[in-house]
Number of protein chains: 4
Amino acid sequence: MPRNTRLNPRKTAGQERSRATVDALIEATARILVREGFDRASTNHVADVAGVSVGSLYQYFPSKEALVAAVVDRHTQKIQRTVQAELIGIEAESLERGVRKLIAAAIEGHRVDPKLHAVVAEQIPRVGKLQKISDSSRANITRFREFLDSHQKEIRTLDLDLAAFVCVSSIEALTHNAVLHHAETFSTEAMHGLADEATRLIVGYLKK
Amino acid sequence: MPRNTRLNPRKTAGQERSRATVDALIEATARILVREGFDRASTNHVADVAGVSVGSLYQYFPSKEALVAAVVDRHTQKIQRTVQAELIGIEAESLERGVRKLIAAAIEGHRVDPKLHAVVAEQIPRVGKLQKISDSSRANITRFREFLDSHQKEIRTLDLDLAAFVCVSSIEALTHNAVLHHAETFSTEAMHGLADEATRLIVGYLKK
Amino acid sequence: MPRNTRLNPRKTAGQERSRATVDALIEATARILVREGFDRASTNHVADVAGVSVGSLYQYFPSKEALVAAVVDRHTQKIQRTVQAELIGIEAESLERGVRKLIAAAIEGHRVDPKLHAVVAEQIPRVGKLQKISDSSRANITRFREFLDSHQKEIRTLDLDLAAFVCVSSIEALTHNAVLHHAETFSTEAMHGLADEATRLIVGYLKK
Amino acid sequence: MPRNTRLNPRKTAGQERSRATVDALIEATARILVREGFDRASTNHVADVAGVSVGSLYQYFPSKEALVAAVVDRHTQKIQRTVQAELIGIEAESLERGVRKLIAAAIEGHRVDPKLHAVVAEQIPRVGKLQKISDSSRANITRFREFLDSHQKEIRTLDLDLAAFVCVSSIEALTHNAVLHHAETFSTEAMHGLADEATRLIVGYLKK
DNA sequence: GATGAATGAGCGTTCATTCAT
DNA sequence: GATGAATGAACGCTCATTCAT
């Protein structure tokens with residue numbers, strides 16, 4: 001077996017270029033979304049800003065919807081990566097410290113790109129491919145349920161599915177509203193207060 | 001001089017006609033929004049479905065935005081009326097029963113026209129006149145704060161503004177998600193379970 | 001023959017009212033034309049400003065064109081009255097003094113309502129009933145030809161029709177351009193200079 | 001390296017195509033303006049007649065106004081080229097022969113496309129970008145002033161600016177009216193008579 | 001592949017005109 | 001007569017998408 005000098009084989013020139021084009025398009029769309037709004041994110045404008053032709057845009061994305069979906073996906077993934085990073089080692093934590101970590105993670109998630117988050121939440125119509133925008137919520141519920149599972153001893157008897165729904169919905173709403181609709185109300189300091197309250201809310205609900 | 005037997009004089013023919021046209025337009029818009037989505041709610045289509053001419057639409061609404069805003073307003077008001085009705089006598093109730101009533105009211109509010117609610121929440125871009133779509137949330141926070149004020153004795157020491165924010169956000173999210181995103185999960189029966197859980201969540205958070 | 005106690009019999013109430021409505025409509029149109037431009041002179045807007053209904057507008061004017069034509073006619077007549085007044089006794093004058101009077105009269109004519117004049121000349125498309133906007137020019141040529149006729153002794157031998165065309169065109173152009181396009185160039189004082197030059201131009205051309 | 005025999009490289013296919021589209025649009029607009037009038041020159045109709053789509057029209061002209069302005073500009077430039085051609089060597093001419101040449105040039109200018117000229121003068125509202133329609137007149141005054149400057153010896157003492165204004169206004173009016181409003185009166189023969197008269201008018205006014 | 005000129009359905013909106021009251 | 005709500009053809013314009021080069 002010949003020694004594999006490169007574990008991550010260099011992409012072919014073509015692949016690299018393709019990748020760069022796709023990235024430029026997604027990036028351009030995100031920028032326009034944030035700076036000029038969804039209404040101004042026409043495919044021609046996006047292509048312009050990305051420095052490619054409209055034709056190329058359609059080479060990589062079959063429709064405008066697909067392009068926007070890619071932006072949303074990329075954003076969602078960034079958030080997930082951030083949140084996951086915050087959640088390392090959470091299984092070992094007590095219920096209370098675990099919940100607090102989860103809430104801190106949710107807040108961090110909303111800090112990834114709050115302006116894009118706002119546009120995604122408020123300007124992009126959830127239709128067709130964009131329906132699933134709220135899908136990440138379902139994943140969060142599942143994950144939280146697992147967390148509850150592994151902390152059964154500390155919590156009172158309850159329907160874990162229902163409880164996961166209750167907790168995740170509350171945490172998401174608190175975080176989302178605080179960051180997007182009440183940013184003026186919540187200074188960085190007040191944000192900690194919010195995290196405390198949210199923790200109390202959730203833990204009080206779950207604990208024996 | 002003949003006695004005018006009617007104190008509330010019959011509306012003039014013109015007023016009646018105008019009112020009917022306005023109603024037809026708002027109704028048509030709501031129907032299209034629900035059945036065909038925001039994208040298909042073009043002014044010409046709305047006028048068609050309302051059985052009037054585009055010209056008439058613009059006689060009463062200066063722009064498409066204003067028309068949609070009227071639909072949202074009417075929907076919001078319907079919800080408010082429903083909620084208010086559910087809330088009669090709430091001041092006399094204990095904290096726990098009051099909170100339960102509030103949650104029940106929120107659920108009823110979401111039952112007014114869930115499909116339109118979904119479209120308003122997910123398809124209508126919050127831009128221009130439509131920015132204020134989430135304003136009712138602020139009003140709810142204020143109202144809830146008053147409720148807390150009048151139940152000071154029963155609740156632990158806390159920042160009432162913050163607490164109101166936490167509670168209202170949670171209740172809204174729970175209700176909204178249950179009705180709109182997890183309708184399949186929640187039977188009427190399960191909905192009661194949800195109300196119970198929500199009550200427990202909020203009361204547990206507030207109580208001494 | 002019964003004594004006619006009133007030479008100008010009072011108009012019937014209906015006639016008076018009609019006349020008032022017609023006047024109000026023409027006046028409103030003129031105002032809008034001047035203040036907001038031809039594009040904004042919609043029939044509805046005119047009726048509004050005139051304080052009558054669109055329906056009434058169409059009672060008196062069969063079309064928007066007819067309404068605008070009435071405004072133009074009224075303006076033209078005002079000018080003609082002004083000009084005629086300036087021209088009294090002109091037959092008795094020498095060629096030179098007569099020409100000077102004519103030019104002064106043309107300038108006065110342009111002073112009647114320069115802003116309306118500008119709109120008529122620059123914004124109203126000369127189409128249909130409005131074609132004849134320049135007709136007054138033809139009348140002026142005829143009148144000037146008569147003036148030349150009565151001053152035959154003082155002028156050299158020439159084709160009077162052609163001469164009248166030359167003189168009237170020149171005088172009108174000079175006056176019009178001075179007032180409308182070079183208002184900044186011509187102070188009241190400079191306007192006299194212009195009258196002098198115009199007189200010299202015309203007299204020099206006609207004299208023996 | 002092969003020698004590039006062509007200094008003016010062939011236009012790229014794209015450039016040629018673009019140019020053809022632009023030309024077709026301007027040409028179609030001019031035709032419609034002449035044959036059907038300004039009111040019928042809707043952007044859709046223009047595109048139709050040009051054999052392109054409305055979209056293409058807007059690829060090259062940001063607004064209807066810009067399109068019409070382009071037509072007017074092209075027409076004005078054609079006239080200027082014609083006039084310039086007629087004016088070659090005018091500096092060497094005597095005052096009288098120079099003026100005659102100028103007048104002949106003005107007449108030729110009006111012969112370029114009299115019907116379009118009429119539409120430009122009478123149907124196109126001077127608003128926005130179209131305000132400057134009469135700008136060429138100012139240029140003509142400046143040019144004429146230079147002519148007067150170089151013939152100072154032959155002319156009497158006078159304010160050259162004022163004189164230029166007087167002469168250019170008169171010549172333009174005579175030419176314009178003769179061609180556009182009195183075409184029936186002026187046969188080709190009579191046109192020469194007009195040129196004679198105009199020359200006499202202007203020269204008589206300027207000469208010592 | 002990449003380009004960008006071309007497409008055209010469809011949008012929001014206006015306004016001269018009509019007609020039931 | 002007067003009213004003004006109603007009409008609807010038509011307008012200027014946009015933009016997701018296609019396709020010849």
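Here the structure is a predicted model, which means the values were calculated and not measured. Chain naming here is simple, since letters A, B, ... match the order of the sequence lines and numbering starts at 1 in each. Quick note: numbers below take in every heavy atom, side chains included, and nothing from hydrogens, waters or symmetry partners.
Between D:Ser56 and B:Tyr58, it is D:Ser56 whose nearest contact on DNA chain E lies nearer the 5' terminus. Place D:Gly51 and B:Arg40 on DNA chain E by their nearest nucleotides, and D:Gly51 ends up nearer the 5' end. Each of D:Asn44 and B:Gly55 was assigned the nucleotide of DNA chain F with the nearest heavy atom; the assignment lying further toward the 5' end belongs to B:Gly55.
Separating the NZ atom of C:Lys64 from the C1' atom of E:dT14 is a distance of 11 Å, rounded to the nearest angstrom. With rounding to whole Å, D:Gln59 atom CD is found 17 Å from F:dT17 atom P. The nearest whole Å value for the distance from the CZ atom in B:Phe38 to the C1' atom in E:dG12 is 12 Å. Protein atom CG of C:Leu57 is 16 Å distant from nucleotide atom C1' of E:dC19, rounded to whole Å. Distance, D:Asp48 CG to E:dA6 P: 16 Å, rounded to whole Å. Taking atom NE2 on D:His45 and atom C1' on E:dG8, their separation rounds to 18 Å, with Å as the unit. Going from atom CZ of D:Arg17 over to atom P of E:dG4 covers 13 Å, rounded to whole Å. Nucleotide E:dA6 holds its C1' atom 15 Å from the CZ atom of D:Phe61, rounded to whole Å.
Taken together, the paired segments of DNA chain E that extend over three or more consecutive Watson-Crick or G-U pairs, each closer than 3.5 Å at both contacts, are E:2-21 with F:2-21.
Among the heavy atoms of the strands lying under 4.0 Å from A:Tyr60 are primed sugar atoms or P, OP1, OP2 only; no base atom is included. No engagement by C:Thr21 is indicated, since no non-hydrogen atom pair under 4.0 Å with the nucleic acid exists. Base contact: A:Thr43 has a heavy atom under 4.0 Å from a base atom.
Within 6.0 Å of the CZ atom in B:Arg31, the count of heavy atoms belonging to other residues, nucleotides or ligands does not exceed 12.
Residues C:Val127 and D:Phe38 are not in side-chain contact: their nearest non-hydrogen atoms beyond the backbone lie 4.5 Å or more apart. The shortest side-chain heavy-atom distance between B:Leu57 and B:Thr21 does not fall under the 4.5 Å cut-off. B:Gln123 places a side-chain heavy atom less than 4.5 Å from the side chain of B:Val119.
For residues 56-73 of chain B, the set of pairs meeting the salt bridge (Lys or Arg N to Asp or Glu O under 4.0 Å) definition, not counting sequence neighbours, comprises B:Asp73-B:Lys132. For residues 40-62 of chain C, every residue pair satisfying the salt bridge (Lys or Arg N to Asp or Glu O under 4.0 Å) rule, not counting sequence neighbours, is listed here: C:Glu36-C:Arg40.
Side chains of B:Tyr60 and B:Ser18: a donor-acceptor N/O pair is present below 3.5 angstrom, by distance only.
Remark: C:Ser53 is not in phosphate contact with F:dG4, judged by side-chain N or O atoms under 4.0 Å from OP1 or OP2.
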